[in-house]
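One structure is given here, and the rest of the page talks about it.
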Amino acid sequence: MACFRMSVLVLFCMMLVGMVVAQEGDPFGDPFGSTQRGRRKEMVPAMFIFGDSLIDNGNNNNLPSFAKANYFPYGIDFNGGPTGRFSNGYTMVDEIAVLLGLPLIPAFSEASGAQVLHGVNYASAAAGILDVTGRNFVSRIPFDGQIRNFQTTLDQITANLGAIDAAQSLAQCLFFVGMGSNDYLNNYLMPNYPTRNEYNGQQYADLLVSQYHRQLTQLYNLGARKFILAGLGRMGCIPSILAQSSTGSCSEEVNELVLPFNANVKAMMNRLNTNLPGARFIYIDIANLFEDIINNARTYGFSVVDRGCCGIGRNRGQVTCLPFQTPCPNRDEYVFWDAFHPTEKVNIIMARKAFNGDTSVVSPMNIEQLASLDIKN
């Protein structure tokens, strides 16, 4: 196993290799037959993941939360069944991990021992940048809590490797952050939250990105250097929002509401790249990727773009996918898996474009280029 590349780590990695091989025999397989056949050479030592249900892979499973996906038909196309992923199969970060030559990154709630050496996924369904976001779902792990969990992992790594070698290795790792969706869907747009009466769209975006800046800077201070920031998509076109329209059309009000957030995040990224020595932040334009898929649906093989594969009610978006509900059989033809989340096929398309695409979808460089950078800490 090629884990942390520093020579001082070789002995440590060799001690753990037996355990890793046992844990990494890739029980998950690879949708579309492209990825973990025989893993490619690792481009980075590890990837650490922060976010919400779009990339959660099981951290909510044991929480007293209504935001869970550890039941069938979630995971119907995942070799291993339901895991807590809000998808029929892979999430976006699963495919990115594979493209980087890494194993699928374990959830923080399950990661232990040698597993953390390739990274940890801290994402939690219903989580937001703001701690108060998602409280309707009861328990969840907000971004600040996810950062605290990373500190726990970092303590484990540092105890094994020493502070200097851990810091040097962290500088080569990738930090994927996809936050903000719930701060709108499960905060600003919820009638039982006062947020909408306290802030207009621009003011709320300013509040969120101010917090986001603090949180990302905290990760930087903990040793992170290579950041991947995922923007927000066209949330006015997800089945949950479409179902609220009598005409079934996208809500341009919601789409326009999130525009200031994306603009603020891009501006913040530029400031952080300038002001934080050695840091490299890149931005994935999820909205642009989504529009490309919708506008060229048939080219990508999609025939259904406005309703979930699994769900109940108008646009199959009024009630999300229920336990043991029978989903659509032709899942590769659907853009949306349920009321809120894309199908595995969309996740893989987006991941591949973010990995080696041009600056129209990921800037100022793509993930492959970021991974190849040699950053000294």
Side-chain angles (χ1 to χ4, degrees), residues 43-51 55 92-93 96 100 119 122 128-130 142-144 146-148 150-151 154 163-164 166-181 183-184 199 201-233 258-289 350 353-377:
M43 297 184 66
V44 294
M47 179 167 62
F48 298 95
I49 299 160
F50 306 82
I55 50 180
M92 185 176 181
V93 292
I96 290 172
L100 290 166
Y122 305 93
I129 294 170
L130 303 180
F143 193 16
D144 281 326
Q146 294 179 33
I147 294 172
R148 288 192 292 272
F150 170 68
Q151 289 178 284
L154 183 56
I164 294 175
Q168 290 175 334
S169 296
L170 273 180
Q172 306 305 323
C173 299
L174 295 184
F175 286 73
F176 187 102
V177 186
M179 300 295 303
S181 294
D183 293 293
Y184 287 94
Y199 304 96
Q202 184 62 60
Q203 291 169 338
Y204 189 56
D206 293 344
L207 170 69
L208 290 178
V209 176
S210 174
Q211 285 282 89
Y212 208 14
H213 183 281
R214 175 188 61 78
Q215 293 159 330
L216 293 170
T217 302
Q218 184 178 355
L219 282 176
Y220 172 86
N221 290 334
L222 291 170
R225 292 297 180 268
K226 297 181 178 182
F227 292 85
I228 304 163
L229 306 181
L232 301 185
V258 302
L259 291 178
F261 176 84
N262 284 340
N264 282 8
V265 170
K266 289 183 214 177
M268 174 192 67
M269 176 190 71
N270 292 332
R271 291 194 303 273
L272 292 172
N273 277 330
T274 299
N275 297 330
L276 297 182
R280 294 294 182 272
F281 288 78
I282 67 173
Y283 175 82
I284 304 174
D285 194 332
I286 299 294
N288 195 349
L289 285 171
M350 288 188 170
K353 285 181 176 289
F355 186 76
N356 58 18
D358 61 31
T359 54
S360 68
V361 295
V362 55
S363 61
M365 65 185 74
N366 59 41
I367 295 173
E368 185 175 32
Q369 292 165 332
L370 178 66
S372 299
L373 289 180
D374 184 18
I375 295 178
K376 302 299 183 185
N377 204 345

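Between I284 and M350 there is no side-chain heavy-atom pair separated by less than 4.5 Å. Q215 places none of its side-chain heavy atoms less than 4.5 Å from the side chain of V177. The side-chain heavy atoms of S363 and K266, taken from C-beta on, include no pair separated by under 4.5 Å.
Residue I228 holds its CD1 atom at 14.0 Å from OH of Y283, rounded to the nearest 0.5 Å. For the atom pair L373 CG and M365 CE, the distance stands at 5.0 Å (nearest 0.5 Å). Annotation: the span from I164 atom CD1 to S169 atom OG amounts to 12.0 Å, rounded to 0.5 Å. The CG atom of L174 sits 10.5 Å away from the CZ atom of F227 when rounded to the nearest 0.5 Å. Annotation: the span from I96 atom CD1 to I367 atom CD1 amounts to 4.0 Å, rounded to 0.5 Å. From Q203, atom CD reaches atom CG of L208 across 12.0 Å, with rounding to the nearest 0.5 Å.
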**OP:** In sequence, state the C-alpha distance, the side-chain angles, and the governing distance for N264 and Q202, and then conclude on side-chain contact (heavy atoms from CB on, under 4.5 Å).
**Re:** CA-CA 9 Å; N264 282 8; Q202 184 62 60; 3.7 Å; yes
Subject >> Chi angles and distances behind the side-chain contact (heavy atoms from CB on, under 4.5 Å) call for V44, L370 >> reply: CA-CA 10 Å; V44 294; L370 178 66; over 6 Å; no
Subject >> Verdict with supporting geometry, F50 and L216, side-chain contact (heavy atoms from CB on, under 4.5 Å) >> reply: CA-CA 11 Å; F50 306 82; L216 293 170; over 6 Å; no
Original post:
Between V265 and M268, is a side-chain contact (heavy atoms from CB on, under 4.5 Å) present by the stated rule, with each step listed?
Top reply: CA-CA 5 Å; V265 170; M268 174 192 67; 4.1 Å; yes
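A donor-acceptor pair is defined here as one N or O able to donate and one able to accept, closer than 3.5 Å; no such pair exists between the side chain of N262 and the backbone of G231. Formation of a donor-acceptor pair under 3.5 Å by the Y204 side chain with backbone atoms of Y184 is not found in this model.
A side-chain hydrogen bond (donor to acceptor under 3.5 Å, both in side chains) check over residues 216-225, counting only residues at least two apart or in different chains, returns the pairs R225-N377. For the salt bridge (charged side-chain N to carboxylate O under 4.0 Å, His left out) condition, the pairs that include at least one residue of residues 204-218, sequence neighbours left out, are D144-R214.
Remark: E368 pairs with M43, F355, N356, N366 by the side-chain contact (heavy atoms from CB on, under 4.5 Å) rule, at least two apart or across chains. For R148, there are no salt bridge (charged side-chain N to carboxylate O under 4.0 Å, His left out) partners two or more places apart in sequence or in a different chain. Residues satisfying the side-chain hydrogen bond (donor to acceptor under 3.5 Å, both in side chains) criterion with D358, sequence neighbours excluded, are S360. Remark: F261 pairs with no residue by the ring-ring contact (aromatic ring centres under 6.0 Å, His included) rule, at least two apart or across chains.
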Identify every side-chain donor-acceptor pair in residues 274-282 under 3.5 Å, counting partners at least two apart or on other chains, and give the distances.
residue: T274; atom: OG1; partner: N270; partner atom: O; Å: 3.0
residue: N275; atom: ND2; partner: R271; partner atom: O; Å: 3.2

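A perpendicular orientation is assigned to the rings of F48 and F150, their planes being inclined by more than 60° (bins at 30° and 60°).
The heavy-atom pair separating G357 from V362 by the smallest distance is O-CG1, 3.8 Å. Contact record, A354 with M92: CB-CE, 4.0 Å, taken as the closest heavy-atom pair. The minimum heavy-atom distance linking G119 with A46 is given by the pair N-CB, 3.5 Å. Closest of all the heavy-atom pairs between V361 and K353 is CG2-O, 3.9 Å.
L222 CG: more than 12 foreign heavy atoms inside a 6.0 Å radius.
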